[in-house]
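Worksheet: one structure, shown below.
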Amino acid sequence: MLIHAVLGFSVLETLVLAALLLAWADRVAGARLLAAFLIGISLWMVGNELPNWLGPETEPVAMRLLATAPFTSALFFHFCTVFCRVDLGRWGVAAAYALGGGASVVSVILVPGHLVEHRDIGFIAVADPVGTVASMAWVILGIGGVAVLLLALLRARRSGDGQKFRQIAAVTASCLWGLLCLAGYGIAVLDFPIYPFPLLGLPLYSLILVYGILRYGVFVANAWARRALVWALLLALGAVVLALTPLLPFESRWLGGLAVAASVLALNGPVRRVAERLVYPGGEVSIADLGAWRSALLSMETPEALAQQAATLLSARIGTQVEVQIGDPSASTTPSTSSAPSTPPGSTPQLVCTPGEQGWQTTLQGWDAAPPGPRHVAELFGTVVAEAAARVEQAQQFAARERERQLQARLAELGALAATVAHDIRNPLNIISMAVAAAPGETRREVADQVARIANLTHDLLDFAKPWKLVPRELDLAAHVRNAALRLPDVTLGAGLAQPLVLQADPRRLDQALTNLLENARIAMASDEVDTEVAGGANTAATHSPVHIDAETTADAVLLHICDAGPGVPDEIRSRLFEPFASRSPGGTGLGLAIVARIMAAHGGSVALTERPPWSTCFTLRFPLTTTQRLP
């Protein structure tokens, strides 16, 4: 019978779709739950058809398979909450499984119904009181799942998330279609005098459900949908031509077959284009489209913003999620060339825009499953993205040059000011020092300290503002650190400094950076009475010395950590700690750390305030394996 063949095909199709979902489970929220739900649907259909396939003696097995329906509904409800991102909490989901699982267990034990014979579909299960109660459970869970879908649908519409709205709408539509198909069983059970034709549409239920979700999440699913639609249309066309062959003035099977083949071949191209437009709407690009894309990308100022906006525009146009990468070829799994192999099936298609000798260029990765229409859209869109990327690059280069010009102008002004101050202040300082020569010793010491402080400030100003070049050479960083540590008592060295750390650096500037950091640590320790019991005494180095220096080597850099157990860096200056005149010590000039940052930048490295318990303050110098020869 036709209906049993259709239901058998539906079981096979549903299991194949469940396997497909498991293969692409990382692309869809709740895909594993949906696959489990489809397997449950398959068991339910097998329970209905088993007596017709193998005979009424399989009734006990069939009834127990039908008894799993409430638990399958619990899986559906859980999938809806995960897919729609509705948080019911652990107890809400547990209650759904308790209802569905409990009803299924009771039905398996007490048997939910019995078989009756129907004139159109053979044997069919009719619910007993136990089955009726179990049916109420899966109806409640089904209504709950549909309610979650409808609420999420309204939320997606209000938020303007078109892709999520279409996905949820597809799932909701599949539920309505499934309800319509199940009406066929209702026709049979109630013994209406009509054929239960709605059951013939049951194979489309799982297909609509799965494709409605994958349509906007897995690109290759659309290619399979296009192929299936093409074959279905061609088969329908062939059937129509075959049905019309009796109208010919002569009868010949060979001529009839030839007519079918000729019709299919002649209309193959138009049918494919129709299928392509149905599966991939918007395959044609007009001048207005190009203008709209350029206008939408015009305001983007960074590569990240450009990539996000471009991905949004292209995904909305072709109806499939697309990733866009700007200027980051290392993020791609393949080189950005036109002959690069595509990403594995099921992965998100990518449009990669990278700079080259001929300017910015775009390549498509993961588009092998795409038909010509969407590929053509993506290629034209890529030209617009390349233009926007070139514009963003030029704008950033101009901004960088302008910042450099302003920085050099400020440094020149600061250098001139510092030179003037240093010259004009030297004589008054000498006069002050001589004026207090006969003063008490305490007064002389205080004046000498303040004069030295002013002299240090002018020296730092001159050093920070004047232009200078690096003179790098190969040196042992560990040896330099050990020599610098001799200037400050109570310093411990970590195991990372026990072996030579050879790199390219300017030894004079390196010593200056180390001196500034160690002097900062000394001032910080002097300004606060340090509690040597740091972190409960967990670190023995901290309990014996308030300053600790260590180093570590990574794949591309050497990291030097200079830590102290002082009062720490106040929160209000953390964000501007390496800017001029930001100081954490009362007696500091505010230029020490700014000079360190400039020295590290000149080496192509960096300095950062890091967290390394139990120390309260830690500065990490990063020396790359390659060096920059000139200050920025």
Side-chain angles (χ1 to χ4, degrees), residues 1-22 24 28 31 33-49 52 69 72-73 75-76 79-80 83 120-121 124 138 142 145-146 149-150 153 166-188 194-218 220-240 271 274-281 319:
M1 298 175 65
L2 175 62
I3 198 166
H4 301 307
V6 169
L7 291 175
F9 172 77
S10 182
V11 170
L12 179 61
E13 173 200 51
T14 303
L15 291 175
V16 170
L17 290 174
L20 189 66
L21 276 173
L22 290 176
W24 291 333
V28 178
L33 286 171
L34 182 57
F37 168 70
L38 291 177
I39 293 172
I41 290 292
S42 300
L43 292 177
W44 180 81
M45 288 190 290
V46 169
N48 275 293
E49 288 301 300
N52 295 302
T72 301
S73 292
L75 290 171
F76 172 72
F79 161 74
C80 291
F83 181 70
D120 293 321
I121 60 176
I124 185 172
W138 68 256
V146 173
L149 290 172
L150 292 176
L153 196 65
R166 289 188 290 268
Q167 281 186 315
I168 298 174
V171 175
T172 307
S174 71
C175 293
L176 298 177
W177 180 263
L179 183 62
L180 179 63
C181 294
L182 290 179
Y185 280 111
I187 292 173
I194 58 175
Y195 188 81
F197 63 90
L199 287 174
L200 299 177
L202 198 56
L204 291 178
Y205 167 64
S206 54
L207 185 64
I208 295 173
L209 177 60
V210 174
Y211 179 63
I213 294 173
L214 299 183
R215 169 70 174 86
Y216 302 99
V218 181
V220 74
N222 299 314
W224 284 103
R226 181 183 66 92
R227 293 167 189 161
L229 183 58
V230 168
W231 281 106
L233 291 176
L234 289 176
L235 288 174
L237 175 64
V240 170
V271 166
V274 169
E276 182 178 316
R277 292 190 177 184
L278 290 175
V279 176
Y280 295 94

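Only this structure's heavy atoms are used, side chains among them; waters, hydrogens and symmetry mates stay out. When a residue number appears, it is its place in the shown sequence, counting from 1.
Here the side chain of Ser10 pairs no donor or acceptor atom with the backbone of Val6 at under 3.5 angstrom.
Taking the six-membered ring wherever Trp is involved, the centroid distance between the rings of Phe79 and Phe37 does not fall below 6.0 Å. In this structure, the ring of Phe76 has its center no less than 6.0 angstrom from the ring center of Trp44.
Between the CD1 atom in Ile39 and the OG1 atom in Thr72 there is a gap of 10.0 Å [rounded to 0.5 Å]. Atom SG of residue Cys181 and atom CG of residue Leu200 lie 9.0 Å apart, to the nearest 0.5 angstrom. Atom CD1 in Ile41 sits 10.0 Å away from atom CG in Leu34 (nearest 0.5 Å). Remark: Leu7 CG to Met45 CE distance equals 7.5 Å, nearest 0.5 Å. One finds the OH atom of Tyr205 at 10.0 Å from the CG atom of Leu179 (value rounded to the nearest 0.5 Å).
The minimum heavy-atom distance linking Pro198 with Gly184 is given by the pair CB-N, 3.8 Å. Annotation for Ser206 and Glu13: closest pair OG-OE1, 3.3 Å, computed over non-hydrogen atoms. Taking both residues in full, the closest heavy atoms of Pro196 and Ile121 are given as CG-CG2, 3.6 Å, listed atom of the first, atom of the second, then distance. Considering every non-hydrogen atom in both Val146 and Cys175, the closest pair reads CG2-CB, 4.4 Å. Smallest separation of non-hydrogen atoms from Cys80 and Gly145: SG-O, 3.6 Å.
Between Leu38 and Leu15 the shortest side-chain heavy-atom distance does not fall below 4.5 Å. Side-chain atoms of Ile168 and Phe83, non-hydrogen and from C-beta on, do get closer than 4.5 Å to each other. Side-chain contact check for Tyr185 versus Ile124: some heavy-atom pair is nearer than 4.5 Å.
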